[in-house]
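To start, the structure itself, in structure tokens.
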Amino acid sequence: MHNYDNKRLPAVIQDTENGITYILNGDYYFPLLCDEEDDEPLGRWGWIRMQHLMENHPGRYSYLLLSGQLFPHLREVEEQAERRFDVLMAQFKVALGITEKLKAADQLRWVQLMNSARHDVEEIIMDELIYDEGGAVHG
């Protein structure tokens with residue numbers, strides 16, 4: 001145990017050079033890596049993107065995490081993916097003739113087409129936003 005001779009270390013310090021806040025835990029300062037004010041949980045696409053970065057791009061994941069950019073990046077991916085999903089599903093419904101009339105007339109066919117469209121749209125989003133390192137989302 002260290003004796004600091006009546007010197008109390010501040011519980012929190014802010015590094016103005018890199019913008020990271022550090023919290024004292026025992027004898028060490030640890031970076032505060034998430035925004036405590038942001039209570040909104042990550043959605044499906046954000047979690048998938050994080051898992052992809054952790055498994056396939058650990059250097060980029062670590063950089064984003066340590067620079068405080070990880071969660072803003074994941075939230076941006078989440079928002080873009082949700083918007084893209086809605087747009088593509090609307091387009092697929094028109095292209096495949098998925099309508100309320102079809103749902104009323106042949107519910108099994110409607111479910112088959114909806115499942116097929118959802119699968120195709122999810123694959124497009126995975127390729128465009130989750131796995132693509134050169135795409136529109138950067139962090």
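Put simply, the side chain of Leu70 reaches to within 4.5 Å of the side chain of Tyr61, judged on heavy atoms. Between Lys93 and Met114, the closest side-chain pair of non-hydrogen atoms falls below 4.5 Å. Gln107 is not listed as a side-chain neighbour of Leu102, based on a closest heavy-atom distance of 4.5 Å or more. For the pair Pro10/Ile13, a side-chain contact is recorded, criterion being any heavy-atom separation below 4.5 Å from C-beta on.
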Discussion item. Determine whether Leu42 and Glu78 satisfy the following criterion, side-chain contact (heavy atoms from CB on, under 4.5 Å), listing intermediate values before the conclusion.
Written reply: CA-CA 8 Å; Leu42 279 179; Glu78 180 73 29; 5.6 Å; no
Side chains of residues 118-126: which donor-acceptor pairs under 3.5 Å do they make with residues two or more places apart or in other chains?
residue	atom	partner	partner atom	Å
Glu122	OE2	Arg44	NH1	3.0

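Side-chain N or O atoms of Arg49 include one that pairs as donor or acceptor with a backbone N or O of Ile130 at under 3.5 Å. One N or O on the side chain of Ser62 and one on the backbone of Pro58 form a donor-acceptor pair closer than 3.5 Å.
Contacts of Glu82 classified as side-chain hydrogen bond (donor to acceptor under 3.5 Å, both in side chains), with partners at least two apart in sequence or in another chain: Trp45. Residues satisfying the salt bridge (Lys or Arg N to Asp or Glu O under 4.0 Å) test with Arg109, not counting sequence neighbours, are none.
For the atom pair Ile98 CD1 and Gln112 CD, the distance stands at 11.0 Å (nearest 0.5 Å). To the nearest 0.5 Å, atoms CG (Leu88) and CZ (Arg83) are separated by 12.5 Å.
Scanning all heavy atoms of the two residues, the minimum distance from Leu96 to Ala117 falls at CD1-CB, 4.1 Å. Across all non-hydrogen atoms, the minimal contact from Tyr131 to His52 is CD2-ND1, 3.3 Å. Of all heavy-atom pairs between Leu129 and Gln80, the closest is CD2-OE1, 3.4 Å.
By the criterion of side-chain heavy atoms lying less than 4.5 angstrom apart, applied directly or through intervening Ile, Leu, Val, Met, Phe, Trp or Tyr residues, Met54 is grouped together with Leu65 in one hydrophobic cluster. Hydrophobic clustering (side-chain heavy atoms under 4.5 Å, transitive across Ile, Leu, Val, Met, Phe, Trp, Tyr) groups Phe71 together with Tyr63.
Annotation: Glu55, atom CD; neighbour count of heavy atoms from other residues, nucleotides and ligands within 6.0 Å is above 12.
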